Protein chains: 2
Amino acid sequence: MTLRPPPQMSSPKIVRDLFSTGRKISFAAGATLFRDGDPVTDVYCVESGRVVVTRYAENGERQILAFLFPGDFLGMSFAPTYNSAAEALTPVTVWAIPHAKLTSELATRPELGVAYAEMSARILNNVLDLVFTLGRKNSHARVASFLLHLRDRQELLALETERINVPMTRQDIADFLGLTMETVSRAFSHLKASGAVKFGSAADVDVIDLAKLRAEAHVGS
Amino acid sequence: MTLRPPPQMSSPKIVRDLFSTGRKISFAAGATLFRDGDPVTDVYCVESGRVVVTRYAENGERQILAFLFPGDFLGMSFAPTYNSAAEALTPVTVWAIPHAKLTSELATRPELGVAYAEMSARILNNVLDLVFTLGRKNSHARVASFLLHLRDRQELLALETERINVPMTRQDIADFLGLTMETVSRAFSHLKASGAVKFGSAADVDVIDLAKLRAEAHVGS
DNA sequence: CGCCAGATTGACCTACTTCAAGTGCAGTGG
DNA sequence: CCACTGCACTTGAAGTAGGTCAATCTGGCG
C-alpha cells in the first residue's frame, strides 16, 4: 500500500469554503449546467464527477475548452451571459452560489480577491498549455499530452497514477484536441504499439512506460 | 471627420491607477521584458506599443500566446516564475509595479479584487477564442479572424477601423495561428483575391468588404 | 543604384481528414 | 445461456489542406 499525499484542489480552500455556503446540485450524465448565451445566474464548483466546457460554432462544430474535475471552478464570466456551455460528462454534483454573491463577497473580503486572482492565473496557465498543444503539436503528441494531463489531474486528486481513467469518448477527445475521432483512435493505437501504454478497456489506459509517453508528448508539430 | 468614442482599455481604471503609482519603463523593438522561467518580480501594463507573449518548446518552436495592446495587463502569474516570455514587438513603454505590491493591494482593497476578477475573466475569454480558432478553423478562417481581432483592438482604442495595422511579421502571425509563414501569406493573398481586403503595404490592410471578411472568419475547419 | 530581409509564389510531399468497412462489447430479449 | 442489436471504437483506402523546399519578388534603406 503506497502512501498518497492528500488531494489537492485546483481552487483555493477559501473559495471552496464560500461554495460550501451555497446549494448542492446533482446532474445526470449528459445534462446541461448552462448554455452559451444563457444569462449568468450562478458560479459553480465541481464536487464530484467530470464536467465538460464547450463552445459551439454557428455550423454546430464544437470545441471542448476544458474537462473539469472535482475542485474546479466554473462559470468565470463577469459578462451578462455565459460565453460557453457546460455539460456533465458523468453523473455530477456541484456547489452553486449566485454570481451576485461571488461579487459581493469579493467586494467585502480582500483575502478572497487574492485567492481568486491566484486561481484565475492557474486556470489561464492551463488554457495556455492547451493553446500550445493545439498550435504546435502533431496528433500523436496531442494525444500523449492529453493522457498526461488526465494523469496529472488524477495525481492532484490523490488517485492512482498507473491507470488513467478516460471517461470521455474519442469524439470528445477529438473535439478537445482539434482532431477527428479517427485520428485520435490511430494515435492511441500508435501509443499502444510503441509500448508506452496498454488498454484495459477503451476507457482505461495503463501507463507502461511513462518516460516514453512523456517523450511522445513533446514531439513537435 | 467621424466622431470616435473614447478609448476603452482592456484593464479597468482602478487597475491602471495602481500602475500609475509604479515605474515607467521603455523597451526598444525586439527587447525582452521577461523570459519563461525568470523569477516573477513585476507585473506590467502596456502604455504604448505592441508586446508579444510567447511560450517556447524544448526544440525551440514557439507559440505566440497573445499580442498585447496599450492598456493590456501582463505578468499574470502567482507562481514563483513566469510561465511565458514577453517581448516588445515595437518600441514599447510599460508601467511596472512589484508583484508583491499587487498582492498587498489586493489583500487590502477589495474593490481592486472585483476589478481584477473581471479583467481575468475577459483575458480568459480572449484566450478561449484563440483555442476555438486553433482547434476548429482552417487557415483562411484563422487569418481572417486574426485581422478582425486586430481591428477590434484598434476599435477599442478608438483608432481607425478601415485600415488595419499589422506590425508583426508573417512568421509572428504563423506562430500565433499554428500555421507556417507561407500558409499565412497564401491566406492573405486569398483574402485579397476575394475582394475582402487590399494591401497598402504588407503591414497595412485596408478592409474593403467587412461582411465578406467576417464570413471568411467563420468558415469551419 | 544595389542590397537584403521579409514576403510571395510555385511544385511537391505528408499528416490528417473523409468515407467506408469491419470489430468488440455491453445491454436486451428469446 | 446465447443470439441480436446498437453504439463506440478501430482499421483501411483515398483525397486534400497545409507543410516543406526552393525560387523569385518587393520595398525600405544605405
Side-chain angles (χ1 to χ4, degrees), chain A residues 29-30 52 57 59 61-63 89-90 133-147 164-194 197-205 216 219-221, chain B residues 29-30 52 57 59-64 89-90 133-147 164-194 197-205 216 219-221:
Chain A
V52 61
N59 60 14
E61 271 198 292
R62 110 181 145 143
Q63 174 68 39
L89 190 65
T90 66
T133 296
L134 294 178
R136 297 262 77 93
K137 291 183 185 175
N138 64 19
S139 65
H140 292 174
R142 289 188 204 190
V143 171
S145 301
F146 176 68
L147 285 176
I164 302 170
N165 178 233
V166 184
M168 59 292 287
T169 66
R170 298 290 185 261
Q171 185 62 60
D172 288 335
I173 301 171
D175 288 347
F176 183 59
L177 296 177
L179 301 168
T180 60
M181 204 187 64
E182 293 92 332
T183 300
V184 170
S185 184
R186 281 185 247 268
F188 273 123
S189 298
H190 166 79
L191 289 174
K192 186 172 129 194
S194 78
V197 302
K198 73 182 170 70
F199 286 76
S201 69
D204 290 292
V205 177
E216 294 274 2
V219 175
S221 77
Chain B
V52 60
N59 61 13
E61 272 199 290
R62 110 181 146 145
Q63 174 67 39
I64 291 182
L89 190 65
T90 66
T133 296
L134 294 179
R136 298 260 76 92
K137 291 183 185 176
N138 65 19
S139 64
H140 292 174
R142 289 187 204 189
V143 171
S145 301
F146 176 68
L147 285 176
I164 302 170
N165 179 234
V166 185
M168 59 293 288
T169 66
R170 298 290 185 263
Q171 185 62 58
D172 289 335
I173 300 171
D175 288 347
F176 183 59
L177 296 177
L179 300 169
T180 61
M181 206 187 63
E182 294 90 335
T183 300
V184 171
S185 185
R186 280 185 248 268
F188 273 123
S189 298
H190 166 80
L191 288 174
K192 186 172 129 194
S194 78
V197 302
K198 73 182 171 69
F199 286 77
S201 69
D204 289 292
V205 178
E216 294 274 2
V219 176
S221 76

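We name chains A, B, ... by the order of the sequence lines, and we start the count at 1 in each one. These numbers come from a predicted model, not from an experiment.
- In this structure, B:Lys137 places its NZ atom 17 Å from C1' of D:dA17, rounding to the nearest Å.
- Look at B:Ser139 and you'll find a side-chain N or O under 4.0 angstrom from OP1 or OP2 of D:dG18.
- The residue among A:Leu179 and B:Ser185 whose nearest nucleotide of DNA chain C lies closer to the 5′ end is B:Ser185.
- Taking atom NE2 of residue B:His190 and atom P of nucleotide C:dT8, one finds them 15 Å apart after rounding to whole Å.
- Across the protein-nucleic acid pair, B:His140 atom NE2 and D:dT16 atom P stand 15 Å apart, rounded to whole Å.
- Within the 4.0 Å cut-off from OP1 or OP2 of D:dT26, not a single side-chain nitrogen or oxygen of B:Ser201 is found.
- The nearest whole Å value for the distance from the CG atom in A:Asp204 to the P atom in D:dA8 is 17 Å.
- Using a 4.0 Å cut-off, some side-chain N or O of A:Thr183 falls inside it from OP1 or OP2 of C:dT17.
- When distances run from any side-chain atom of B:Arg186 to the nucleotides D:dG19, C:dA7, C:dT17, the shortest one goes to D:dG19.
- Within 3.5 Å, no donor on the side chain of A:Glu182 pairs with an acceptor on the base of C:dC16, nor the reverse.
- Note: NZ (B:Lys198) to C1' (C:dT8) measures 19 Å, nearest angstrom.
- Using a 4.5 Å heavy-atom cutoff, the side chains of A:Thr133 and A:Phe146 are not in contact.
- In the set C:dA7, D:dT11, D:dG19, D:dT11 carries the atom at the smallest distance from any side-chain atom of A:Ser189.
- Spacing between atom CZ of B:Arg142 and atom C1' of D:dA17 amounts to 11 Å, rounded to whole angstrom units.
- To the nearest 0.5 Å, the span separating OG1 on B:Thr90 from CG on B:Asn165 amounts to 9.0 Å.
- Residue B:Thr169 is classed as a sugar-phosphate contact, given heavy-atom separations below 4.0 Å to backbone atoms only.
- Between A:Asp175 atom CG and C:dC16 atom P the separation is 17 Å, expressed in whole Å.
- Side-chain contact between B:Arg62 and B:Asp172: present, with at least one pair of heavy atoms (C-beta onward) separated by less than 4.5 Å.
- Within the 4.0 Å cut-off from OP1 or OP2 of D:dG19, at least one side-chain nitrogen or oxygen of B:Thr180 is found.
- Put simply, CG on B:Leu147 and CD1 on B:Ile173 are 7.5 Å apart, with the number rounded to the nearest 0.5 Å.
- Closest to the side chain of B:Asn138, from the set D:dG18, C:dA7, D:dT10, is D:dG18.
- In this structure the side chain of A:Ser145 reaches within 4.5 angstrom of the side chain of A:Lys137, judged on heavy atoms.
- Relative to the side chain of A:Met181, the nucleotides C:dC16, D:dT10, C:dA7 differ in distance, and D:dT10 lies closest.
- Taking atom CD of B:Glu61 as the reference point, atom C1' of D:dG19 lies 12 Å away to the nearest angstrom.
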